[in-house]
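Note sheet for the following structure.
Below, chain A is the first sequence line, B the second, and so on; all start at residue 1.
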Amino acid sequence: MAESLGDLVRTHYCGELRPEHVGQTVTLMGWAATRRDLGGVIFIDLRDREGICQVVARPEVSQTAHDAADDVRTEYVLAVVGEVAKRSEDTVNPALPTGAVEVEVKEIRVLNEARTPVFPIEDDVDTSEEIRLKYRYLDLRRPKMLENMRLRHRVTMEIRRHMDEQGFLDVETPILAKSTPEGARDYLVPSRVHHGSFYALPQSPQLFKQLLMISGFDKYYQIPRCFRDEDLRADRQPEFTQVDVEVSFAREETIYDLMEPLFQRLVRLLGVEVTRPFPRMEYSEAMERYGTDKPDLRFGMPITDVSDEMATLGLLTFPDLIKDGARARAFALPASGGVSGMRLRKINEEVWLGRILPDARASKRNLFTLKATEEAVAGLGKKGASEDVARRMLEKAGAEKDDVLLVGVDQPEPVAMAMGILRLAMGRELKLIDEKAYRFLWVTGFPLVEFDKNEKRWASLHHPFTSPVPEDLPLLDSDPGKARARAYDLVLNGTEIGGGSIRIHDSALQARIFKLLSISDQEARNRFGFFLDALQHGTPPHGGIALGLDRIVSILAGEDSIREVIAFPKTASATDLMTEAPSTVSDAQLGDLGIMAVRK
RNA sequence: GGGGUGGUAGUUCAGUCUGGUUAGAACGCCGGCCUGUCACGUCGGAGGUCGCGGGUUCGAGUCCCGUCCACCCCGCCA
């Protein structure tokens with residue numbers, strides 16, 4: 001039976017007891033992590049937020065406490081009063097920070113009983129995520145999850161300190177906002193007062209923060225929740241947290257100079273130093289050399305175009321190359337890797353079949369390998385290929401002796417992407433990635449717009465308020481796809497952790513961009529009328545950035561999924577397994593909102 | 001919307017390819033013994049809609065069809 005807390009007051013956390021406390025009578029409150037009943041003496045590992053300490057119940061110290069300990073079960077909530085005692089030399093547990101001491105219990109109160117936990121409250125449990133999410137409150141008892149949430153707290157505190165020191169104002173913006181046509185699908189909230197009208201949950205506070213610049217707030221930041229109703233991934237949740245920043249009279253360097261010291265502070269939380277300035281790379285170079293707009297710079301193996309060489313090599317096994325426009329792209333696997341041909345083919349097949357060409361028209365012909373040895377080159381020569389060209393190709397890709405050159409052949413887009421993925425896969429396979437490294441990279445020079453083949457119109461790559469690079473303005477009419485944006489992404493270890501831009505502050509240019517995006521005056525007025533008006537009321541040049549807090553914390557925590565750093569995340573199908581949201585609601589609730597549900 | 005992996009005891013898994021007595025293991029749980037354990041030990045015990053529905057078969061955890069759920073990826077995510 002549960003007992004009352006009474007007048008007991010906690011004096012210490014379990015995890016903080018040390019030899020210096022020996023002799024003190026302490027009162028601990030916590031959960032019974034394990035119980036070891038040796039018949040006469042009973043040990044209980046008591047766990048709280050700060051750690052675990054061993055509690056020992058001996059009948060000769062207190063028979064009632066021993067009797068109470070006898071009834072304790074895993075995860076019972078206990079109040080323990082006892083004296084901190086030094087453990088004898090041979091019973092010290094070096095695995096515990098509190099292992100040099102234990103608490104000789106005088107009184108145990110069972111504050112609450114507990115059902116047997118459905119899974120053990122330990123790190124390194126490989127319990128299915130489904131079960132973990134259903135019983136998330138138990139999952140969060142695991143030390144690793146607690147540590148992740150604590151790290152998240154420290155990160156947000158550090159961000160707030162930095163932004164405050166830099167003179168930024170934290171301003172809250174609406175959660176019930178207006179739907180905008182561009183971008184992700186909105187989460188909608190029906191209006192009870194205005195039947196048939198809807199608020200949208202913000203995808204980001206984009207327009208509000210720009211309006212704050214127009215208001216003269218000069219430096220704004222916020223750590224808001226954002227919502228996007230799109231399909232999910234390991235690094236994407238329907239609701240996620242941004243660090244949202246906007247600065248007046250800013251150019252790119254203003255943002256870099258603000259962000260780089262911030263990230264220096266954040267990795268310093270882990271005892272890591274990174275140097276400034278962070279490297280920068282043009283988008284075109286990132287695509288060219290890494291096959292992605294978010295290169296992982298923790299390892300090498302940059303990709304090179306060897307189309308000319310492959311075309312003149314004299315091997316007829318790559319007919320795709322002869323077809324219109326196919327390209328050959330290559331990188332050199334280090335000789336030390338020692339990856340088997342079989343394994344390589346399997347990985348390549350997964351990359352090409354699984355990701356790039358799901359309709360399975362790929363074959364082994366998509367990948368050509370050449371070992372950087374004279375024998376291999378001579379072997380090619382025997383098949384009628386040009387040895388000179390083979391050598392030139394090896395050299396061009398920077399292959400050293402005994403390296404293995406991987407050459408992918410396909411249409412430009414698939415091959416660039418495939419080789420980017422293959423590079424990453426091989427980097428992981430060969431353990432070339434330094435897991436302790438934090439490699440930041442600014443990627444700049446993104447295209448302003450890209451052609452949407454489905455909608456047959458130009459669409460913003462970033463968002464429609466992004467300023468074009470001034471010297472590219474003429475291209476807006478002649479060749480919009482070539483115009484670059486004043487946008488920048490911040491990449492950490494191959495993950496995009498933030499992105500931003502210098503904004504358009506001129507209403508005429510903004511109108512011109514809307515026109516380019518085939519957003520009619522009428523539509524622009526409907527959707528952004530308030531904003532276009534605002535732009536005409538003295539808008540300072542401004543720019544900003546939005547950081548993905550969940551992703552940042554997950555990388556710092558060494559986790560592969562942002563769900564590991566979110567207390568109550570949702571599944572890949574956007575449900576909450578614990579609360580079972582979303583759920584149906586009563587017809588009365590719907591009636592209030594003027595809504596009729598159409599069920600599938 | 002598409003591709004992949006998985007779903008068997010409270011938990012993690014084996015068994016499925018090649019259908020055949022009573023579906024196993026470990027941990028956990030329950031009970032006994034045990035006064036220095038910390039993965040306590042030891043003896044005993046309980047515990048299963050094999051995700052769900054249908055089909056094939058003398059017989060289905062196993063084969064077939066459908067469906068649901070979780071995870072990863074593509075599309076999507078300004």
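Within the structure, a side-chain polar atom (N or O) of A/Ser128 is placed less than 4.0 Å from OP1 or OP2 of B/U12. Under 4.0 angstrom from either OP1 or OP2 of B/C40 there lies at least one side-chain N or O belonging to A/Arg36.
Of all the heavy atoms in A/Ala574 and A/Tyr187, the pair that sits closest is CB-OH, 4.3 Å.
B/U35 atom P lies 17 Å from atom CD of A/Glu102, rounded to whole Å. Taking atom CG of residue A/Asp186 and atom P of nucleotide B/C76, one finds them 18 Å apart after rounding to whole Å. As a whole-Å value, the separation of A/Leu138 CG from B/U11 C1' is 12 Å. To the nearest angstrom, C1' of B/U37 lies 14 Å from CD1 of A/Ile52. Rounded to an integer number of Å, the gap from A/Phe119 CZ to B/U12 P is 9 Å. Distance CD (A/Gln63) to C1' (B/U35): 12 Å, rounded to an integer number of Å. Atom CZ in A/Arg185 sits roughly 12 Å away from atom P in B/C76 (whole-Å rounding). Taking atom CD1 on A/Ile131 and atom P on B/G10, their separation rounds to 10 Å, with Å as the unit.
When both distances must be under 3.5 Å, the Watson-Crick or G-U wobble mate of B/A39 does not exist. B/U5 and B/A70 make up a base pair, with Watson-Crick or G-U wobble contacts both under 3.5 Å.
To the nearest whole angstrom, the two C1' atoms, one in B/C43 and one in B/A70, are 40 Å apart. The separation of B/U22 from B/C64, taken at their P atoms, amounts to 25 Å, rounded to a whole angstrom. The separation of B/U21 from B/U5, taken at their C1' atoms, amounts to 34 Å, rounded to a whole angstrom. Annotation: B/A14 and B/G44 have their C1' atoms spaced 25 Å apart (nearest Å).
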Please list, pair by pair, any protein nitrogen or oxygen found under 3.5 Å from a nitrogen or oxygen in nucleotides 43-45 of chain B.
none

Under 3.5 Å between N/O atoms: give me all the protein pairs with nucleotides 47-53 of chain B, atom names plus distance.
none

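With no hydrogens or angles considered, no side-chain donor-acceptor pair links A/Gln203 and A/Arg185 at under 3.5 Å.
Heavy atoms of other residues, nucleotides or ligands lying less than 6.0 angstrom from CG of A/Asp452 number more than 12. Within 6.0 Å of the CD atom in A/Glu89, the count of heavy atoms belonging to other residues, nucleotides or ligands does not exceed 12. Environment of CG in A/Asp506: crowded, with over 12 heavy atoms of neighbouring residues, nucleotides or ligands closer than 6.0 Å.
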Check: Tell me, for nucleotides 23-34 of chain B in 5' to 3' order, what letter each nucleotide earns: B for a base near a protein heavy atom under 4.0 Å, S for only sugar-phosphate near one, - for neither?
Finding: -----SSSS--B
Next item on the list: Do nucleotides 67-72 of chain B as a string where each nucleotide becomes B, S or -: B if the base has a protein heavy atom under 4.0 Å, S if just the sugar-phosphate does, - if no protein is that close.
Entry: --SSSS
Notebook entry, point to check: For A/Phe528 and A/Phe514, what are the C-alpha separation, side-chain angles and deciding distance, and is it a ring pair (Phe, Tyr, Trp, His ring centres under 6.0 Å)?
Noted result: CA-CA 10 Å; A/Phe528 307 115; A/Phe514 280 148; 5.1 Å; yes
Next item on the list: Using the ring pair (Phe, Tyr, Trp, His ring centres under 6.0 Å) rule, take A/His505 and A/His542 through it: C-alpha gap first, then chi angles, then the decisive distance, then the call.
Entry: CA-CA 7 Å; A/His505 63 280; A/His542 62 287; 7.1 Å; no
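Taking only distance into account, the side chain of A/Asp231 meets the base of B/G75 through a donor-acceptor pair shorter than 3.5 Å. Checked by distance alone, A/Arg87 brings no side-chain donor or acceptor within 3.5 Å of a matching partner on the base of B/G36. On a pure distance criterion of 3.5 Å, a polar donor-acceptor pair joins the side chain of A/Arg236 and the base of B/C77.
Rounding to the nearest 0.5 Å places NZ of A/Lys294 at 13.5 Å from CG of A/Leu490.
Nearest nucleotide to the A/Arg228 side chain, out of B/C77, B/C38, B/U35: B/C77. Here the side chain of A/Glu230 is nearest to one of B/C76, B/U35, B/U37, namely B/C76.
Between A/Phe531 and A/Phe465, the distance separating the two ring centers is shorter than 6.0 angstrom.
Between A/Tyr135 and A/Tyr137, the two ring planes are perpendicular [angle over 60°; tilted spans 30° to 60°].
Of the residues in residues 492-500 of chain A, none lies under 4.0 Å from RNA chain B by heavy-atom distance.
Put simply, the side chain of A/Asn93 gets close to the backbone of A/Ala95: a donor and an acceptor are under 3.5 Å apart.
Within 4.0 Å (heavy atoms only), A/Gln237 reaches no atom of the nucleic acid at all.
Shown here are the side-chain hydrogen bond (donor to acceptor under 3.5 Å, both in side chains) partners of A/Ser128, two or more places apart in sequence or in another chain: there are none.
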